[in-house]
Amino acid sequence: ARVAIAGRGFAAVLDEARWRLLPSRLLAGRLAFAVEARMGGLRGGAEVSRTPLTWRADGLRANGDAAAIANLVPLAAAWSPAGEIALEAPQIAWDGERATGAATLEWRDGTSSLSTVRPLGSWRAQATAEGASVKLSLATVKGPLRFAGNGTLDIPGRLAFSGEARAEPGRERDLESLLSLLGPRRADGAYGFGTR
């Protein structure tokens, strides 16, 4: 199938979705499907199931071209993101009000048309669901463009995040124009960004 997903301020299209019933899971009280999907250059899969009380996704994995970010965040198209995206979540559960589980998203060897520095770096975002909120963190794995930040996402969707970006020592001039687009420069040389 081809699937269109739309919500408040969000829209995405899965170019292809396939699913297969897993009848053996019925013995554990779960209606489960092995699901595979493709969106642009991203491919992923998971075991998605429903129990009497919760929805679950087990073994969620996705990876592919970072250019697909523009399909989820249209404003990102102007940045022409490139590199590799990898998402992993061992288990996520949702009962309609509360969520549990954790996910890790990495952008490896990221580049942008807004900078001649190649690559800009690799970064890791982690999300940990704790009931009605999700704790978020952002860190740099390697590279000249350094990101760090923390925040929370209150379910169903209020985001509060505070972060900073800076160039590694010796690369300030190379990245100055890109960093200035992210937010105001602070006295310590970092550029702050975020939302509340």
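Computed from a predicted model, the values in this text were never measured in an experiment.
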* Between I69 and W79, is there a shared hydrophobic cluster once you connect ILVMFWY residues whose side-chain heavy atoms come closer than 4.5 Å? -> yes

* Same apolar cluster (I L V M F W Y, side chains within < 4.5 Å links), Y191/L181 -> yes

* Asked: If you measure from the Lys or Arg side-chain nitrogens to the Asp or Glu carboxylate oxygens, is any gap between E106 and R124 under 4.0 Å?
  -> yes

* To do: Could you tell me which non-hydrogen atom of A103 sits nearest to which non-hydrogen atom of A89, and how far apart they are?
  => CB-CB, 3.8 Å

* Asked: Same cluster or not: are L26 and L22 linked, directly or through other Ile, Leu, Val, Met, Phe, Trp or Tyr residues, by side-chain heavy atoms under 4.5 angstrom apart?
  -> no

* Nearest 0.5 Å please: distance from the CG atom of L120 over to the CG atom of L175. => 6.5 Å

* Asked: How far does CG of L105 sit from CG of L136, to the nearest 0.5 angstrom?
  -> 11.0 Å

* To do: Kindly work out whether a path of hydrophobic side-chain contacts (I/L/V/M/F/W/Y, heavy atoms less than 4.5 Å apart) joins L179 to F161.
  => yes

* Structure fact -> Distance col, row T100:OG1 vs D95:CG, nearest 0.5 angstrom, shows 8.5 Å

* Asked: Which distance, rounded to the nearest 0.5 Å, do you find between the CZ of R56 and the CD of Q91?
  -> 4.5 Å

Show the atom names and distances, to 0.1 Å, of all donor-acceptor pairs under 3.5 Å that link a side chain in residues 138-150 to residues at least two apart or in another chain.
residue: T140; atom: OG1; partner: F147; partner atom: N; Å: 2.6
residue: T140; atom: OG1; partner: F147; partner atom: O; Å: 2.9
residue: R146; atom: NH1; partner: G143; partner atom: O; Å: 3.0

* Distance-only side-chain donor-acceptor flag, S112 / S115, under 3.5 Å -> no

* Asked: Under a 4.0 Å N-O cut-off, is there an ion pair linking R2 with E16?
  -> no

* Flag the pair L60 / D58 as yes when at least one side-chain heavy-atom distance between them is below 4.5 Å, and no otherwise. => no

* Are there more than 12 heavy atoms of other residues, nucleotides or ligands under 6.0 Å from atom CZ of R118? -> yes

* Structure fact -> Residues passing the salt bridge (charged side-chain N to carboxylate O under 4.0 Å, His left out) test with R25, sequence neighbours excluded, are E47

* Asked: Among all residues two or more places apart in sequence or in another chain, which pass the side chain to side chain donor-acceptor pair (under 3.5 Å) test with E88?
  -> R61

* salt_bridge(D188, R166) N-O dist < 4.0 Å -> yes

* Asked: Are R171 and D174 close enough for a salt bridge, meaning some N to O gap below 4.0 Å?
  -> yes

* Asked: If you take all heavy atoms of A66 and W107, which pair is closest and at what distance?
  -> CB-NE1, 3.4 Å

* In sequence, state the C-alpha distance, the side-chain angles, and the governing distance for R186 and E164, and then conclude on salt bridge (charged side-chain N to carboxylate O under 4.0 Å, His left out). => CA-CA 9 Å; R186 302 190 313 223; E164 67 172 35; 2.4 Å; yes

* How long is the gap from CE on M39 to CG on D15, to the nearest 0.5 Å? -> 8.0 Å

* Structure fact -> Taken to the nearest 0.5 Å, the spacing of L42 CG from L87 CG works out to 9.0 Å

* Asked: What are the two closest heavy atoms between I155 and G131, and how far apart are they?
  -> CD1-O, 3.7 Å

* To do: Determine whether V13 and V35 fall in the same hydrophobic cluster, where Ile, Leu, Val, Met, Phe, Trp and Tyr are linked whenever their side-chain heavy atoms lie under 4.5 Å apart.
  => no

* To do: Determine, stepwise, if the pair W94 / W55 fulfils ring pair (Phe, Tyr, Trp, His ring centres under 6.0 Å).
  => CA-CA 5 Å; W94 166 250; W55 285 98; over 10 Å; no

* To do: Before giving the answer on side-chain hydrogen bond (donor to acceptor under 3.5 Å, both in side chains), spell out for S177 and S180 the whole-Å C-alpha distance, their side-chain angles and the decisive distance to 0.1 Å.
  => CA-CA 5 Å; S177 60; S180 66; 5.9 Å; no

* **Residue E130 excluded, over 12 heavy atoms near CD under 6.0 Å** => yes

* Can you find a heavy atom in the side chain of V134 that is under 4.5 Å from one in the side chain of D154? -> no

